[in-house]
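Computed from a prediction, not measured in an experiment: that's the story for all the values here.
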Amino acid sequence: MSVANLTFLGAAGQVTGSCYLIEHNKQQILLDCGMTQGADQVREWHKFRFAFKPKDIDLVILSHAHIDHSGLLPLLVARGFKGKIICTPGTAEILPVLLKDSVGLYLKDLEWQNKKAARAGKKQHDPVMTVADAERVSELVQTLVYKKRFVPLPGLELEFADAGHILGSAIIQLWLKGNQAMRKLVFSGDLGNPATVLMHDPTEIGQADIVLLESTYGNRNHQELDNTIEEFASALDQAYKDGGNVFIPAFALGRSQEVLYYLALLHHQGRLKQRAIFLDSPMAISITNIYNDFLHALDQADLDKIGAGRSLQQLLPMLKLTPKVEDSMAINRVTHGAIIIAGSGMCNGGRIVHHFKHNLWKNTNHLIFVGFQARGTLGRRLVDGEKRVKMFGQDIVVKAKVHTIGGFSAHAGQSELLAWAKAIGGQPQFYLVHGEPEAQQVLQQELAAFGVNAVIPAKGDSIKL
């Protein structure tokens, strides 16, 4: 009987960097190809080495477009990959926006570091990839809709199910055929929070032999959505009374659109006092336009609450889109009564850090974190209460009030993870991925209480399928 192996190459013992290698019938398949977030990205790109030869990869199956699941694709192409990339139509629309932005930021940072090195008489570095590599990724993409079985390679069957996380997010179901048996592998991808607006609930899976289960929030549940909305509204009210602005670091994909929805809901209810909302992210603007094109694929019950069939921009008359740099810079002249949504979501780059430079030290301002902050990121340091941070070579005191609102998470909480796992028949072996050790250990114990055995693999571990 032919032997299939799976190696955990990323998001093992940590949240970001999702990447798993399957070797089957002399073919090599990647589940996701994501980058690890949180460190100096230029340094990380330049020292990064794949644990395989990119030219030997036959197929990449992508769960969704978030950079921690897709961000290494341009580098994979730059180093010789020419195989197929299979994802859902929604992911295919979003992917080029994210990848071009990611590579563009890398090239800008590299240019800045090279100038700094030149002044110091140090060695400069050539780019390891270009925007053209990001564009070539799209040329390799082949789409597959939910609930359709497909044979991408001999002895391999693939079907996507809706993960309910972001537009186009998928649970990957793989049937691997050997000489005498068929084994089913399920990769949860990022499972959505059923309370999350705009997305459908994650699809339950009937049967599996092996399950790779995300565990981002394996150690806790999110608070009730109604409480979360009240907490959000209260923070906005407090900022308005204090006479300052609100800064919301938000991922361009998913979280920015959800925040706009909640602001539209508060406006619809007559509870929003701020009269200026800035979506200060070219990428978030582009993706919001894609969401508008995919209104038919979103949760209609949520849309009905704020005006079904209308774009997110139309539902917020005070919303201002600021795609140009000069538009973004002009926001700093607005001293009060504004809400600024900008990337990056973990504050490790993007326009939000420029806003922080001008505003962290003002005690009238408020920061509202609405998403997970990975270790090593500026966002995590602020959430953890650091009172002084270094940005652009300057020490900046943190006097702005910091709010952390976890209930908006687009990830399933512990209860939802357990319910989804228990619904899978066939007594599968579970492997916990995409989580920090504390969260994984708690989820492992909770699963064991229900008689479900779950292993926490380390990076580089391999298993037979």
Side-chain angles (χ1 to χ4, degrees), residues 10 16-17 19 33-51 53-55 66-68 70-81 95-139 249 251-252 280-284 286 322-329 332 342-358 360 374-382 388-396:
T16 62
C19 188
C33 192
M35 52 186 281
T36 300
Q37 295 172 291
D40 180 334
Q41 293 299 322
V42 172
R43 185 175 70 247
E44 292 300 310
W45 281 116
H46 283 253
K47 74 178 185 180
F48 184 83
R49 298 292 180 271
F50 287 107
K53 294 180 179 178
K55 67 180 180 63
H66 272 145
I67 287 296
D68 63 323
S70 70
L72 285 177
L73 287 172
L75 188 62
L76 190 75
V77 167
R79 293 185 177 171
F81 171 70
L95 193 61
V97 179
L98 265 65
L99 295 184
K100 288 178 185 178
D101 179 83
S102 176
V103 175
L105 288 173
Y106 153 74
L107 293 172
K108 287 180 182 177
D109 288 346
L110 177 62
E111 181 182 12
W112 180 80
Q113 290 191 17
N114 277 339
K115 286 180 180 178
K116 187 177 178 181
R119 295 189 197 107
K122 295 181 180 179
K123 180 182 177 182
Q124 300 179 60
H125 297 280
D126 293 328
V128 296
M129 60 187 169
T130 67
V131 173
D133 295 313
E135 292 171 345
R136 279 197 287 273
V137 169
S138 294
E139 297 172 6
F251 296 105
D280 189 30
S281 165
M283 183 164 61
S286 296
T322 54
K324 297 179 181 178
V325 173
E326 51 266 34
D327 296 332
S328 177
M329 293 172 68
N332 289 315
S344 67
M346 296 187 191
C347 312
N348 54 343
R351 293 182 179 180
I352 195 68
V353 294
H354 293 276
H355 291 305
F356 280 0
K357 175 185 175 182
H358 293 282
L360 275 182
R375 288 176 177 171
T377 62
L378 174 60
R380 180 64 168 262
R381 289 159 54 201
L382 291 168
R388 190 175 295 272
V389 295
K390 194 160 189 173
M391 300 174 63
F392 305 104
Q394 300 179 37
D395 284 324
I396 297 176

Just to verify, what does D68 make a side-chain hydrogen bond (donor to acceptor under 3.5 Å, both in side chains) with, not counting sequence neighbours? H434
Distance-minimising heavy-atom pair for P96 and S138: CB-OG, 3.5 Å
Return yes if some donor-acceptor pair links the side-chain N/O of T322 with the main-chain N/O of S328 below 3.5 Å, else return no. no
So how far is it from I67 CD1 to L73 CG, rounded to the nearest 0.5 Å? 8.5 Å
Atom pair CE (M129) and CZ (F48), whose distance is rounded to the nearest 0.5 Å: 10.5 Å
Look up atom NZ in K324 and atom CG in D280, then write down how far apart they are to the nearest 0.5 Å. 14.0 Å
If you look only at pairs with a residue in residues 122-137, which of them pass as a side-chain hydrogen bond (donor to acceptor under 3.5 Å, both in side chains), with sequence neighbours excluded? T130-D133, D133-R136
Residues T377 and N348: side-chain donor-acceptor under 3.5 angstrom: no
Nearest heavy-atom neighbours spanning G379 and C347: N-CB, 3.7 Å
So do R351 and P282 actually touch side chain to side chain, heavy atoms under 4.5 Å? yes
Would you give the length of the straight line joining atom CE of M346 to atom CD1 of I352, rounded to the nearest 0.5 angstrom? 14.0 Å
For residues M35 and T16, determine if any side-chain heavy atom of one lies less than 4.5 Å from a side-chain heavy atom of the other. no
Stepwise, does the side-chain contact (heavy atoms from CB on, under 4.5 Å) test hold for W112 with V42? CA-CA 10 Å; W112 180 80; V42 172; over 6 Å; no
CG on L110 to CH2 on W45, rounded to 0.5 Å: 12.5 Å
Sorted by chain and residue number, the side-chain hydrogen bond (donor to acceptor under 3.5 Å, both in side chains) partners of K390 (sequence neighbours excluded) come out as none
For the CE atom on M391, are there more than 12 heavy atoms of other groups (residues, nucleotides or ligands in this structure) within a distance under 6.0 Å? yes
Less than 4.5 Å apart, any side-chain heavy atom of F50 and any of C33? yes
How about Y106 and V128: do any of their side-chain heavy atoms sit closer than 4.5 Å? yes
Suppose we screen for ring pair (Phe, Tyr, Trp, His ring centres under 6.0 Å). Which residues come up paired with H358, at least two apart in sequence or across chains? none
Among pairs that include at least one residue of residues 97-112, which meet salt bridge (charged side-chain N to carboxylate O under 4.0 Å, His left out), considering only residues two or more places apart or in two chains? E111-K115
Apply side-chain contact (heavy atoms from CB on, under 4.5 Å) to the pair E44 and T36, showing each step before the final yes or no. CA-CA 9 Å; E44 292 300 310; T36 300; 5.7 Å; no
Give the minimum heavy-atom separation between L99 and S70, together with the two atoms involved. CD2-O, 3.6 Å
Apply salt bridge (charged side-chain N to carboxylate O under 4.0 Å, His left out) to R388 and list each qualifying residue two or more places apart in sequence or on a separate chain. none
To the closest 0.5 Å, what do you measure between CZ (F81) and CG (L72)? 12.5 Å
